[in-house]
Chemist: 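This structure is in structure tokens; I'll ask about it shortly.
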Amino acid sequence: MPSTDSDERILLAYFSRPGENYWNGGRRTLDTGNTEVLAGLISDRIDCDVVRIEPADPYSDSYDDTVARNVREQNGDARPDIAGGLPDLAQYDTVLLGSPIWNVQPPMIMATFAEAVDLSGKPVLPFVTYAVSGLGSTESFYRDLDTGATLGEGLAVRGEEVRDSGAGTDVDQWLRAAGLL
Ligand SMILES: Cc1cc2nc3c(=O)[nH]c(=O)nc-3n(C[C@H](O)[C@H](O)[C@H](O)COP(=O)(O)O)c2cc1C
């Protein structure tokens, strides 16, 4: 268990979809999703509880089918169901919310999660992996949800680079800036 300088109680919740994905202009099939790798870099560095957000209706392994489903969910302002229970946030001071970028914003299941748990008054720091869009509209996505959270600075790491050594440096900087390392 890594030790954290801060005595914050931190929850890291993330969604990540392995399978066929965009990779440097082509496609690659990943056994472990990029955001899961990034979540691991973060949880290796700080003392936090980790929750993986699992869709009740899993996303297809096919990239194109997932793109199409996501467009439908975004256009319909959907709240895809989450499998299993949700964490009780009362015991946490800070929440780190991780996801890929889908069509320039987090997947709608992140809205399901953010609205279903009680984030009011809590600092929420988003982190994402992406191909070209960086954070995209991540910050306004979370801000526009009526959660009462205080949104902190986000971290964006390119999915194709999340397994490179430079990703750890970005994570260190982000955690230090947030006072968590
Ligand atoms: C449905 C879908 C939509 C995507 N849309 C974007 C996008 O708009 N901009 C972008 O930079 N990357 C986009 N990507 C690429 C992912 O953000 C990127 O590959 C990410 O690292 C995947 O993380 P994961 O493996 O944890 O799911 C998209 C990927 C998928 C599957």
Side-chain angles (χ1 to χ4, degrees), residues 11-46 48-84 87 95-114 124-145 151 153-175:
L11 177 71
L12 186 163
Y14 74 95
F15 166 72
S16 181
R17 174 194 153 273
E20 183 196 20
N21 210 333
Y22 180 94
W23 193 269
N24 286 327
R27 301 279 187 273
R28 178 173 287 190
T29 298
L30 298 172
D31 292 334
T32 304
N34 297 327
T35 310
E36 181 168 357
V37 175
L38 182 57
L41 293 177
I42 297 167
S43 62
D44 281 350
R45 286 166 167 76
I46 57 170
C48 62
D49 292 338
V50 178
V51 166
R52 181 176 177 145
I53 299 169
E54 298 277 6
D57 176 13
Y59 288 90
S60 167
D61 273 353
S62 154
Y63 174 76
D64 290 334
D65 288 354
T66 305
V67 168
R69 176 174 164 187
N70 178 59
V71 168
R72 286 195 302 275
E73 290 181 346
Q74 279 188 16
N75 289 345
D77 196 24
R79 297 292 185 271
D81 286 339
I82 293 172
V95 180
L96 311 181
L97 277 187
S99 75
I101 289 291
W102 283 4
N103 197 15
V104 202
Q105 64 170 60
M108 297 312 294
I109 198 166
M110 298 307 294
T112 310
F113 183 86
V124 168
L125 301 176
F127 65 92
V128 303
T129 65
Y130 67 94
V132 295
S133 304
L135 279 167
S137 57
T138 297
E139 284 165 346
S140 59
F141 174 85
Y142 287 120
R143 200 171 285 122
D144 289 349
L145 298 173
L151 202 66
E153 198 184 326
L155 169 70
V157 178
R158 213 172 149 251
E160 292 90 334
E161 294 172 4
V162 81
R163 294 165 186 81
D164 298 349
S165 56
T169 310
D170 291 348
V171 169
D172 288 340
Q173 282 173 359
W174 178 64
L175 289 172

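Just so you know, ligand 1 is whichever comes first in the structure, and atom 1 is the first atom listed for that ligand.
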Chemist: Would one find an N or O of Glu36, backbone or side chain, under 3.5 Å from an N or O of ligand 1?
Modeler: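 No.
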
Chemist: Give the intermediate values and the outcome of side-chain hydrogen bond (donor to acceptor under 3.5 Å, both in side chains) for residues Arg163 and Asn34.
Modeler: CA-CA 8 Å; Arg163 294 165 186 81; Asn34 297 327; 2.8 Å; yes

Chemist: Would you say Thr32 and Pro18 make side-chain contact, with heavy atoms under 4.5 Å?
Modeler: no

Chemist: Does any part of the side chain of Val67, heavy atoms only, come nearer than 4.5 Å to the side chain of Trp102, both counted from C-beta?
Modeler: no

Chemist: Between Leu155 and Leu135, what is the shortest heavy-atom contact and its length?
Modeler: O-CD2, 4.0 Å

Chemist: Look at atom 17 (O) of ligand 1 and say which protein heavy atom is nearest, naming residue and atom and giving the distance to 0.1 Å.
Modeler: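 Minimum-distance protein heavy atom for atom 17 (O) of ligand 1 reads Ile101 O, 2.6 Å.
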
Chemist: When only distance counts, is Val104 in polar contact with ligand 1, meaning an N/O pair under 3.5 Å?
Modeler: yes

Chemist: With heavy atoms only and a cut-off of under 4.0 Å, state how Tyr63 meets ligand 1: side chain, backbone, both or neither.
Modeler: side chain

Chemist: Answer side chain, backbone, both or neither: which part of Asn21 comes under 4.0 Å from ligand 1, heavy atoms only.
Modeler: side chain

Chemist: Does ligand 1 come near enough to Ser133 that some N or O of the ligand is less than 3.5 Å from an N or O of the residue?
Modeler: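 There is such a contact, yes.
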
Chemist: Taking distance alone, with N or O pairs closer than 3.5 Å, would you say Thr35 contacts ligand 1?
Modeler: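 Thr35 vs ligand 1: N/O contact under 3.5 Å present.
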
Chemist: Taking the side chain as everything from C-beta on, heavy atoms only, tell me whether Ser137 gets closer than 4.5 Å to Tyr142.
Modeler: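 No, side chains not in contact.
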
Chemist: Check whether any N or O atom of Ala131, backbone or side chain, sits under 3.5 Å from an N or O atom of ligand 1, and answer yes or no.
Modeler: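 It does: an N or O of Ala131 is found under 3.5 Å from an N or O of ligand 1.
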
Chemist: Considering distance alone, does some N or O of Val132 sit under 3.5 Å from an N or O of ligand 1?
Modeler: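 Between Val132 and ligand 1 (N or O atoms, distance only) the closest approach is under 3.5 Å.
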
Chemist: What protein heavy atom is closest to atom 27 (O) of ligand 1, reported as residue, atom name and distance in Å?
Modeler: Arg17 N, 3.0 Å

Chemist: Taking the side chain as every heavy atom from C-beta outward, state whether Phe15 and Thr35 have any atom pair closer than 4.5 Å.
Modeler: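 Answer no - side chains too far apart.
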
Chemist: Measure the distance from atom 5 (N) of ligand 1 to every protein heavy atom, then report the residue, atom name and distance (to 0.1 Å) of the closest one.
Modeler: Asn103 N, 2.9 Å

Chemist: Would one find an N or O of Ser16, backbone or side chain, under 3.5 Å from an N or O of ligand 1?
Modeler: yes

Chemist: Is any side-chain heavy atom of Leu11 less than 4.5 Å from a side-chain heavy atom of Cys48?
Modeler: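 They are not in contact (no side-chain heavy atoms under 4.5 Å apart), so the answer is no.
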
Chemist: With heavy-atom distances below 4.5 Å as the criterion, would you say the side chains of Met110 and Leu97 are in contact?
Modeler: yes

Chemist: Any atoms of ligand 1 less than 4.0 Å from a non-hydrogen atom of Asn34? List them with their elements.
Modeler: 19 (O), 20 (C), 21 (O), 22 (C), 23 (O), 24 (P), 25 (O), 26 (O)

Chemist: Is there a side-chain contact between Asp77 and Met108, using heavy atoms and a 4.5 Å cut-off?
Modeler: yes

